[in-house]
Amino acid sequence: MKQKIEELIRQAVDSLKTEGVLGQDIVPQIIIERTRDAQHGDFASNLALVLAKPAKANPRQLAEKIIAALPEDAAIIKVELAGPGFINFFVNPNAHYQIIRRIHEQGPDFGLSRIGAGKKVQVEFVSANPTGPLHVGHGRGAAYGSVLADLLAAAGFTVHREYYVNDAGRQMDILATSIWLRYLEECGEVLPFPSNGYRGDYVRDIARDIHQSAGNDYRRPAVLVQEDMPADEPQGGDKEAHIDALIARAKTLLGFNLYRDFFQIGLNDILGDIKDDLHEFGVDYQQWFSERQLMDDGSVDKALAQLREGGHLYEKDGALWFASSQLGDEKDRVVVRENGQYTYFASDIAYHHNKLARGFDQIIDIWGADHHGYIPRVRAAIIALGADAEKLKVLLVQFATLYRGEEKVQMSTRSGEFVTLRQLRNEVGKDAARFFYVMRRSEQHMDFDLQLATSRTNENPVFYVQYAYARICSVLRQLDEKGGQRDIDLGMDNLPRLVESHELALLALLARYPEMLEKAALQYEPHQVVLYLRELATDFHTYYNAHAFLVDDAALRNARLNLVCAVKQVLANGLNLLNINTPEVM
RNA sequence: GCGCUUGUAGCUCAACCGGAUAGAGCACCAGCCUUCUAAGCUGGGGGUCGCAGGUUCGAGUCCUGCCAAGCGCGCCA
């Protein structure tokens, strides 16, 4: 319908051009909007307001001329000039009913679009270090990323979901060493635990498992571990130096192969847990991309070589620097340390080099908002690698604050006392967790009320939306129990019987679903889907309360049932997109 | 100090990337509960869109300055 009106206006503009009212050089961008107020008709265009200046005309007079030049069309019953120069279009009511047929015919496909034209989009999200279980902060990134990916797929993009596994680097060594020390305790060795080690219970659990399966294969005497060890922080030493020395000691005492095995067991265990966790949360990936592989196969060297060729690298103070400040970053960044090791940033450059080489049209990175300072340097790298900076889009996700009713849930990463994603899922369930996470704009700080998420009242939006679906199922069951049957054709023939304001409002809302999806995808805003579903549920519940569906009049009854089933279909399509269940009974 | 993000009803948040009278839910107030699910329903009050300028037919939305909150400013990841 939008396209139709757009076409009508285009014709009107063309004829005004030939008449000389509008200059030939004017190329209007025709914007048709759905009106918010039914008094303003169904669609409106601000064209006259926009053209007033270049055409040097009074907007209202110009609007009148445009209206006069509009070709007749059966679908439009009235065109009105309003306000400062808006052109309002009133659509033939019969056209509104078409949406019911369309939804009925397209079913689960209703709302899908081809606007993405098959363009390849990569969405990288979560990518938490595999040094421990995911916590509730990662949960939001997981929900946001997965819904965004599905949304883009629904809009016709070819989507590649990816998790970047930081399986190299110092944090992983700290983890491996932490597990080893706990393992030695399991073996019966007595030794202090480093203040900078990973203290979570999961570390002990992994250590215990290893001890059970491998026995004392990795056991070394505590004396040798402790020998000549620099002091830890509580003893007045430097905790970083202490842990680094412990890592080195572990490598020496175990030897390369055993250390690597041990490291790998820890990594596999935690990464496996993360994969299970995400899968149960309804989040799956096409690819788990290993950082270590980049290191091992020379990709980092290759990426750096390309930067060097472009003249973006230089040496200073024994380290190798990337001149990112030339490309918008606030200062230059080290890529190879004085000790010859790559920085995390170096492998990240290589990772993005790899992404570019894979030929994605758009690369989307979803990060926690605390990483925002990292954006300029990665963008600089993209440019230095010879790509268009626009190819990379970094989307930030703010942290969520957990509440139980009024009470704030305290969290502390240091002590290892954080709420894990798994705990959250156990408490509120997958559906509520996903819904709540995606309900707010991602850049918005959000309060996540655990109590509300589990309550079975209308205050709980998940409940409210799912209940709308279940309620429709219930109506259909009622029909069945009464021995009635739907006559879809009879209903379709009698759609014009739907004249109540609630019914017209629902028709308009249903018609908006495809546009809403498209917009949500292009703007990377999954929350629009949630808001839409809430609105649809609200309008449905209101309708339900105002009018009985299972009336005696068969024509009216079937017309209403067709409308209600269209609502059911759209609720299902939206909830499926969010990967949230559609319960038939509640 | 510099940078990024945020600031809208008492609270939690919207506002279709400049449009018409800024909208929901909760809370509050007033009515209603013999119904296809009361796990409520209907209606109502409530706003200097952080502050001050600017841009234009039009600004919550854009630009500038200021105020406040969160986050970030390592040869950590």
To the nearest Å, how far apart are [X] [atom1] and [N] [atom2]?
{"X": "A/M446", "N": "B/U12", "atom1": "CE", "atom2": "P", "result": "13 Å"}
{"X": "A/L531", "N": "B/U12", "atom1": "CG", "atom2": "C1'", "result": "12 Å"}
{"X": "A/F399", "N": "B/A69", "atom1": "CZ", "atom2": "P", "result": "21 Å"}
{"X": "A/D244", "N": "B/C75", "atom1": "CG", "atom2": "C1'", "result": "13 Å"}
{"X": "A/Q523", "N": "B/U61", "atom1": "CD", "atom2": "C1'", "result": "13 Å"}
{"X": "A/D539", "N": "B/C41", "atom1": "CG", "atom2": "C1'", "result": "15 Å"}
{"X": "A/R440", "N": "B/U8", "atom1": "CZ", "atom2": "P", "result": "13 Å"}
{"X": "A/R379", "N": "B/G3", "atom1": "CZ", "atom2": "C1'", "result": "14 Å"}

Any chance the rings of [X] and [Y] have centres within less than 6.0 Å?
{"X": "A/F448", "Y": "A/Y437", "answer": "yes"}
{"X": "A/F289", "Y": "A/Y163", "answer": "no"}
{"X": "A/Y144", "Y": "A/H527", "answer": "no"}

**Message:** Going by salt bridge (charged side-chain N to carboxylate O under 4.0 Å, His left out), name the pairs with one or both residues in residues 545-561 of chain A, residues two or more places apart or in two chains.
**Reply:** A/R497-A/D553, A/E503-A/R560
Sticking with atom [atom1], work out how far [N] lies from [M], rounded to a whole angstrom.
{"N": "B/A24", "M": "B/U6", "atom1": "P", "answer": "25 Å"}
{"N": "B/G65", "M": "B/C4", "atom1": "P", "answer": "11 Å"}
{"N": "B/U21", "M": "B/C49", "atom1": "C1'", "answer": "15 Å"}
{"N": "B/G74", "M": "B/G54", "atom1": "C1'", "answer": "41 Å"}
{"N": "B/U12", "M": "B/G53", "atom1": "C1'", "answer": "32 Å"}
{"N": "B/C26", "M": "B/G40", "atom1": "C1'", "answer": "16 Å"}
{"N": "B/C57", "M": "B/G18", "atom1": "C1'", "answer": "12 Å"}
{"N": "B/A9", "M": "B/C29", "atom1": "C1'", "answer": "16 Å"}

Can you tell me which nucleotide in [options] comes closest to the side chain of [X]?
{"X": "A/F463", "options": "B/G19, B/A77, B/A39", "answer": "B/A39"}
{"X": "A/Q444", "options": "B/U12, B/A77, B/G7", "answer": "B/G7"}
{"X": "A/H527", "options": "B/A14, B/G19, B/C75", "answer": "B/A14"}

**Prompt:** Within a strict 4.5 Å, meaning less than it, do heavy atoms of the A/T35 and A/F89 side chains meet?
**Reply:** no
Give one of base, sugar-phosphate or nothing for [X], where a contact means two heavy atoms less than 4.0 Å apart.
{"X": "A/S455", "result": "nothing"}
{"X": "A/D317", "result": "base"}
{"X": "A/A319", "result": "base"}
{"X": "A/E338", "result": "base"}

Is the backbone N or O of [Y] less than 3.5 Å from a side-chain atom of [X], with the two atoms forming a donor-acceptor pair by type?
{"X": "A/D232", "Y": "A/H242", "result": "no"}
{"X": "A/S127", "Y": "A/Y164", "result": "yes"}
{"X": "A/N58", "Y": "A/R60", "result": "yes"}

**Asked** Checking salt bridge (charged side-chain N to carboxylate O under 4.0 Å, His left out) for the pair A/R377/A/E330: CA distance, chi angles, key distance, verdict?
**Response** CA-CA 8 Å; A/R377 76 189 72 168; A/E330 55 180 315; over 6 Å; no
**Prompt:** Relative to the 5' end of RNA chain B, which residue comes earlier, A/L396 or A/V334, by the nucleotide with the nearest heavy atom?
**Reply:** A/L396
**Message:** Quick check on RNA chain B: between A/T542 and A/R170, whose nearest nucleotide comes earlier from the 5' end?
**Reply:** A/T542
**Message:** Do A/T131 and A/Q171 pair up side chain to side chain, a donor and an acceptor below 3.5 Å, judged on atom types alone?
**Reply:** no
**Prompt:** In which ranges does RNA chain B form stems of 3 or more consecutive Watson-Crick or G-U pairs, distances under 3.5 Å?
**Reply:** B:1-7 with B:67-73, B:10-13 with B:23-26, B:28-32 with B:40-44, B:50-54 with B:62-66
Close N or O pairs between protein and nucleotides 20-30 of chain B (under 3.5 Å):
| unit_1 | atom_1 | unit_2 | atom_2 | d |
| --- | --- | --- | --- | --- |
| B/A20 | N6 | A/N88 | OD1 | 2.8 |
| B/A20 | N1 | A/N88 | OD1 | 3.3 |
| B/A20 | N1 | A/N88 | ND2 | 3.2 |

**Message:** Using 30° and 60° as the class boundaries, would you call the ring planes of A/F540 and A/Y544 parallel, tilted or perpendicular?
**Reply:** tilted
**Message:** Tell me whether the rings of A/H547 and A/H502 are parallel (<30°), tilted (30 to 60°) or perpendicular (>60°).
**Reply:** perpendicular
**Request:** For nucleotides 32-37 of chain B, just jot down a letter per nucleotide in 5' to 3' order: B, S or -, based on protein non-hydrogen atoms under 4.0 Å.
**Result:** ----BB
Between the protein and nucleotides 70-74 of chain B, are there any N/O to N/O pairs under 3.5 Å, and if so, what are the atom names and distances?
| unit_1 | atom_1 | unit_2 | atom_2 | d |
| --- | --- | --- | --- | --- |
| B/C71 | O2 | A/H372 | NE2 | 2.9 |
| B/C73 | O3' | A/K331 | NZ | 3.3 |
| B/G74 | O5' | A/K331 | NZ | 3.4 |

**Evaluation steps, salt bridge (charged side-chain N to carboxylate O under 4.0 Å, His left out), between A/K355 and A/E124** = CA-CA 10 Å; A/K355 289 187 182 191; A/E124 183 220 320; 2.7 Å; yes
**Message:** Could you work out, with side-chain contact (heavy atoms from CB on, under 4.5 Å) as the rule, every residue matching A/E80, not counting sequence neighbours?
**Reply:** A/K78, A/N88, A/F90
**Message:** Run the side-chain contact (heavy atoms from CB on, under 4.5 Å) test on A/V567 and A/D539 for me, step by step, so that the C-alpha distance in whole Å, both residues' side-chain angles and the decisive distance to 0.1 Å come before the verdict.
**Reply:** CA-CA 10 Å; A/V567 172; A/D539 279 10; over 6 Å; no
**CZ on A/R441 to CD on A/E525, rounded to 0.5 Å** = 6.5 Å
